[in-house]
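Just so it is clear: chains get the letters A, B, ... in the order the sequence lines come, proteins before strands, and each one is counted from 1. Values reported hereafter were calculated over all heavy atoms of this structure, with side chains retained and with hydrogens, waters and symmetry mates removed.
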Number of protein chains: 4
Amino acid sequence: MNKERLAAFTDAVLAIIMTILVLELEKPAQVTLAGLWALRANFFAYTLSFFWLGLMWTTHHSNWHLVKKVTNHTVMYSLLMLFIASLFPYTTSLVATNFYNPTAQVFYGIVVLGVSFSNMAISHSLKAVNPTVHFGWLYGLPNRSVLLDIVVKLIGLLLALTVYPPAMVYAILVATFIVGFASWQNKSKA
Amino acid sequence: MNKERLAAFTDAVLAIIMTILVLELEKPAQVTLAGLWALRANFFAYTLSFFWLGLMWTTHHSNWHLVKKVTNHTVMYSLLMLFIASLFPYTTSLVATNFYNPTAQVFYGIVVLGVSFSNMAISHSLKAVNPTVHFGWLYGLPNRSVLLDIVVKLIGLLLALTVYPPAMVYAILVATFIVGFASWQNKSKA
Amino acid sequence: MNKERLAAFTDAVLAIIMTILVLELEKPAQVTLAGLWALRANFFAYTLSFFWLGLMWTTHHSNWHLVKKVTNHTVMYSLLMLFIASLFPYTTSLVATNFYNPTAQVFYGIVVLGVSFSNMAISHSLKAVNPTVHFGWLYGLPNRSVLLDIVVKLIGLLLALTVYPPAMVYAILVATFIVGFASWQNKSKA
Amino acid sequence: MNKERLAAFTDAVLAIIMTILVLELEKPAQVTLAGLWALRANFFAYTLSFFWLGLMWTTHHSNWHLVKKVTNHTVMYSLLMLFIASLFPYTTSLVATNFYNPTAQVFYGIVVLGVSFSNMAISHSLKAVNPTVHFGWLYGLPNRSVLLDIVVKLIGLLLALTVYPPAMVYAILVATFIVGFASWQNKSKA
C-alpha cells in the first residue's frame with residue numbers, strides 16, 4: 001500500500017463524514033429564533049462533531065510528509081479508525097435528540113475514544129517503520145497532552161454513566177481545546 | 001500542513017456539499033408542469049446555492065498555484081469556512097420551503113456572509129507568508145468588487161430583517177454576478 | 001485554473017452523484033422476488049443513470065492528457081455541466097416512480113440533453129486553446145456518432161411528449177450504446 | 001484512460017459507498033442498551049459491509065503500483081464493479097431489517113459475488129497487458145484462497161436458498177477472514 005493512496009482515502013472518508021453530518025441535523029418545527037433555539041443541542045452536537053473530526057484530520061497528518069513507509073498494520077488500523085469514525089453521523093444524531101440520555105452520550109463518547117485509540121495504534125505502527133519521524137503516542141503531539149485528553153474524556157464518561165449524562169460531550173469539548181492547543185503549538189514549531 | 005493536501009480536502013468537502021444539496025430538493029406533489037412550478041422557490045434556492053458555492057470554489061483557488069506556504073491560521077480558517085459552508089444544504093432547504101420567512105432568509109444570508117468573511121481571513125493568512133502573491137482582501141479579486149459584494153449582501157440582510165424577507169436571496173444573486181464578473185476579468189488577465 | 005484541479009473536482013462531483021443515486025432507490029413493500037419485480041422501473045432507471053454518467057465520465061476525459069490549457073469558458077461550462085448532472089438523483093427518482101408520466105420523462109431527458117450540450121461546450125472551449133488535440137464536437141468522438149446520439153434523444157423526446165412517455169428513457173438507452181460503441185473504438189485506436 | 005485517474009475514481013466511489021452506509025442505519029426505538037441490542041442485525045450487517053468493502057479496497061490495489069497500462073476492458077469492468085458495489089447501502093439495509101428473509105440474504109450475496117467476479121475480470125484485463133505483474137485470478141492473491149472464498153460464498157448462497165437464510169452473511173463473514181488472511185500474507189511478502 002502506497003502512503004499517498006492511504007492518506008487520500010482517509011481524507012476522502014473523513015471529508016464525507018464531516019459533510020453528511022448535516023443530513024441528520026433536525027429542521028425547526030417553527031422557523032423562528034425560538035424554533036432554532038429549541039434545537040440548540042442539535043447545533044451544539046453538530047458543531048462539536050465537525051470540529052472534533054476536523055482537528056483529528058489536521059492532527060492525523062502532522063509530520064505525515066516525513067513518513068516513508070506504511071505497513072499492513074497501518075492499513076488495518078486506518079480501516080478500523082474510519083469504521084468507528086463513520087458512526088459519527090449516527091451518534092451525533094442520537095446525542096442531539098437525546099441530550100440527557102446516558103446511553104446516547106456514552107455511545108457518542110465510546111466512538112470518540114475509539115477513534116482516538118485507533119489513531120494511537122496507527123501512530124504506533126508508523127513509528128515502528130519510520131524511526132526518524134519522532135512520533136509519540138499520537139503522531140507529533142506531546143505525550144502529556146494526549147494523556148490529559150484521554151483522562152478528561154474518561155472522567156466525562158464516568159460522570160455520564162453516573163450523575164450527569166451531558167458531562168460526556170462537555171468533556172470532549174474541553175479535550176478538543178487541549179488537543180487543539182497542543183496541535184497548534186506543535187505545528188508552529190514544525 | 002501541506003498546501004496540496006489542504007486544497008484537496010477543501011475541494012472534496014465543497015464538492016460533497018454541492019452534490020448533496022439535491023437530497024434536500026423537494027419532490028412535486030403532482031408530476032406536472034404546475035407541480036414543478038409550485039416548487040419554483042426550491043429550484044431557485046438550489047440553483048443559487050450551487051452556483052454560489054461553485055463560484056466560491058473557482059475564486060478560492062485563483063492564484064493558488066502561486067501560494068508557497070500555508071500557516072496554522074490558514075488551516076483553522078479553512079476549517080471554519082468549511083463548517084459554515086457545510087450548513088448550505090440545511091439553510092437552502094429552510095429558505096426553499098419558507099421563502100417569505102425572515103428567520104430562514106437571514107440564516108441563509110448569515111451563512112453566505114460567514115463563508116465570505118472566512119475566505120477573507122484565509123486570504124489574509126496566505127498574504128502574510130506569501131508576499132509575492134498579490135492577494136487583496138479576497139484572493140486575487142479587486143478590493144472594490146469585494147466591498148461592493150459585502151455592501152449588497154448587507155443591504156439585502158437589512159431589507160430581509162425589516163420589509164421584505166426574500167431581499168436576502170435576491171441580494172446574494174446580484175452579489176454573485178458582481179463577484180462572478182470580477183473573477184472572470186481577473187482570471188482573463190492572469 | 002489548473003487543468004488537474006478542474007478534472008479532479010469534476011471527477012469528485014460525478015463520483016458523488018453516481019453513488020448517492022442509491023439513496024433514492026425505493027425499498028420493496030415486501031421483500032420477495034415479486035416485491036423486487038414491482039420496482040423494475042426503479043432498477044431500470046437507476047442502472048441507466050449510473051452507466052450513462054459512467055460512460056459520460058470516461059468520454060469526458062478521452063484525450064484529456066493531451067489538453068495543455070483550460071480557459072475561463074471551460075470552467076464556466078464545467079460548472080454548468082455539473083449543475084445539470086447534479087439533478088440526476090432527482091430526475092431518476094421522478095422517472096422511476098412515474099414511469100408513464102410525460103413530465104417526469106421529459107424532465108429526465110432534458111437533464112441528459114443538457115449535460116450533453118454542456119459537454120459539447122466544454123469540448124469547444126478546449127479545442128480553441130489546444131489546437132493539437134483534434135477534438136470534434138464532443139472530445140475525441142466522431143461527429144457522426146455525436147449527431148446520431150442527439151437525434152435519437154430528440155426523437156425520444158418528441159415521442160415522450162406526444163404518444164409514449166417511456167420512449168425518452170428507451171431512446172437514452174439506445175443512445176448510450178451508440179456513444180459507448182464509438183467511445184470504445186475511439187479509445188482502442190488511441 | 002490514465003491508470004491514476006481510474007484508481008482515484010474507483011477509490012472515491014468506494015469511499016462514498018462505505019461512508020453513506022451509515023445513512024441507512026436504523027435508529028433505536030428507545031435509546032437504551034436494550035434498544036441498541038434490538039438492532040444487532042443492523043450493526044452486524046453494517047460492520048460486515050464496511051469491512052468487506054474496506055478489504056476489497058486494499059486488495060483491489062495490491063501490486064497496482066506495478067501496473068503500467070489499463071485497457072478499455074479494465075475501465076468497463078471497473079464501472080460494472082462500482083455499479084454493483086453501489087448497491088451495498090441498499091442490500092445492507094434490506095438484510096439488516098429482514099435478517100431471516102431469503103430474498104434479502106440472496107440479494108446481498110449476489111451483490112457481494114458480483115463485485116468479486118467483476119474484480120476477477122478487472123484483474124484478468126490487467127494481466128493481459130502487464131505481463132510482468134504476476135496477477136492471479138484476483139490481483140496478487142493466491143488462486144487457492146480466491147477459490148476457497150468463492151466456494152464458501154456459494155455454499156452460503158445454497159444454504160440461504162434452502163434451509164437457513166442468514167447462512168449467506170455468515171458465509172461472507174468467514175470468506176472475509178479467508179481473503180483477509182491471504183491478503184495480509186501477500187502484502188507482508190511484497
Chain D-proximal positions within residues 8-19 of chain A [heavy-atom distance under 4.5 Å]: Phe9(A), Ala12(A), Val13(A), Ile16(A), Ile17(A)
Proximal to chain D - members of residues 76-87 of chain A, heavy-atom separation under 4.5 Å: Met76(A), Leu79(A), Leu80(A), Leu82(A), Phe83(A), Ser86(A), Leu87(A)
Chain D-proximal positions within residues 91-122 of chain A [heavy-atom distance under 4.5 Å]: Ser93(A), Leu94(A), Asn98(A), Asn101(A), Thr103(A), Ala104(A), Phe107(A)
Atom OH of Tyr164(A): over 12 foreign heavy atoms under 6.0 Å: yes
Chain A neighbours within residues 24-52 of chain D, where any heavy atom lies under 4.5 Å away: Leu25(D), Glu26(D), Lys27(D), Pro28(D), Val31(D), Thr32(D), Leu33(D), Leu36(D), Leu39(D), Phe43(D), Tyr46(D), Thr47(D), Phe50(D), Phe51(D)
